[in-house]
S.K.: 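First the structure, then my questions, so here it is.
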Amino acid sequence: MEALRLILLFVHLLGFALLLGGAVTQFLSGRFRINPAILWGSIIQLVTGIGLSAPLRGGGDDEPSPVKLGVKLLFAVLIFIMVFIPRKRESVNKGHFIGIITLTVVNAAVAVFWH
């Protein structure tokens, strides 16, 4: 079971890299468009995040709180919606892109700093 958790965590981190890296690259280039890296990163983050939290419902001291998991799920769903809906547009608003990047970084901060 631990091996499966580690594989999911690895894929989750790859999704984070795709999402944040794709968004920052597009932002710095000045082309505010949802590219495939951003889309697939958000999908991978959402699916693997749910997979990582599902087996943690057995109780124990190392288990994250349900409130933390709920906040992370909320951020992940918001990011996915912000990426999925305008994915076929030629460009999106600069503020929209800043929102995607900010929510992604805040979601990572919640994962790291909320104990």
S.K.: What's the shortest heavy-atom distance between N107 and A76, and which atoms?
M.R.: ND2-N, 3.9 Å

S.K.: Please lay out, stage by stage, how F27 and I100 fare under the test side chain to side chain contact (heavy atoms under 4.5 Å, CB included).
M.R.: CA-CA 11 Å; F27 183 79; I100 292 170; over 6 Å; no

S.K.: Do L6 and V11 belong to the same hydrophobic cluster, where Ile, Leu, Val, Met, Phe, Trp and Tyr are linked whenever their side-chain heavy atoms lie under 4.5 Å apart, directly or via other members?
M.R.: no

S.K.: Taking it one step at a time, do T104 and F16 satisfy side chain to side chain contact (heavy atoms under 4.5 Å, CB included)?
M.R.: CA-CA 8 Å; T104 302; F16 174 76; 3.6 Å; yes

S.K.: Between F97 and R33, is a side chain to side chain contact (heavy atoms under 4.5 Å, CB included) present by the stated rule, with each step listed?
M.R.: CA-CA 8 Å; F97 242 77; R33 186 170 195 277; 5.5 Å; no

S.K.: Within the 4.5 Å heavy-atom criterion, are L20 and I38 side-chain neighbours or not?
M.R.: no

S.K.: Could you pull out the closest heavy-atom pair between T48 and I44, with the gap in Å?
M.R.: OG1-O, 2.6 Å

S.K.: Minimum heavy-atom separation for A37 to G22, with atom names?
M.R.: CB-CA, 4.4 Å

S.K.: Kindly indicate whether the side chain of R89, heavy atoms from C-beta on, has any atom under 4.5 Å from the side chain of I34.
M.R.: no

S.K.: Is there a chain of hydrophobic side chains (I, L, V, M, F, W, Y, each step under 4.5 Å between heavy atoms) that links L14 to V105?
M.R.: no

S.K.: So, taking the atom named NE2 in H96 and the one named CD1 in I98, what distance separates them when rounded to the nearest 0.5 Å?
M.R.: 11.5 Å

S.K.: Return the minimal non-hydrogen interatomic distance between P64 and L69, and the atom names on each side.
M.R.: CG-CD2, 4.0 Å

S.K.: Which heavy atom in G49 sits nearest to a heavy atom in H12, and how many Å separate them?
M.R.: N-ND1, 3.5 Å

S.K.: What are the two closest non-hydrogen atoms of K68 and A111, and how far apart are they?
M.R.: NZ-O, 3.2 Å

S.K.: Taking a hydrophobic cluster as the set of Ile, Leu, Val, Met, Phe, Trp and Tyr residues connected by side-chain heavy atoms closer than 4.5 Å, whether directly or through intermediates, do V71 and F113 fall within one such cluster?
M.R.: no

S.K.: Check whether L52 and F10 end up in the same hydrophobic cluster, where Ile, Leu, Val, Met, Phe, Trp and Tyr are linked by side-chain heavy atoms less than 4.5 Å apart.
M.R.: no

S.K.: Please report the interatomic distance CD1(I85) to CZ(R87), rounded to the nearest 0.5 Å.
M.R.: 9.0 Å

S.K.: Answer yes or no: is there a side-chain heavy-atom contact under 4.5 Å between M82 and L103?
M.R.: yes

S.K.: Starting at CZ of F80, measure out to CG of L39 and round the result to the nearest 0.5 Å.
M.R.: 7.0 Å

S.K.: Please report the interatomic distance CG(L4) to CG(L9), rounded to the nearest 0.5 Å.
M.R.: 11.0 Å

S.K.: Determine yes or no for a side-chain-to-main-chain donor-acceptor pair under 3.5 angstrom, with Q26 supplying the side chain and R31 the backbone.
M.R.: yes

S.K.: Hydrophobic cluster membership, with links at side-chain heavy-atom distances under 4.5 Å among I/L/V/M/F/W/Y: are L46 and V83 in one?
M.R.: yes

S.K.: With side chain to side chain contact (heavy atoms under 4.5 Å, CB included) as the criterion, how do I81 and V77 come out once you've worked through the C-alpha distance, each side chain's angles and the decisive distance to 0.1 Å?
M.R.: CA-CA 6 Å; I81 290 169; V77 169; 3.8 Å; yes

S.K.: In Å, rounded to the nearest 0.5 Å, how long is the span from CG of L19 to CD1 of I101?
M.R.: 9.0 Å

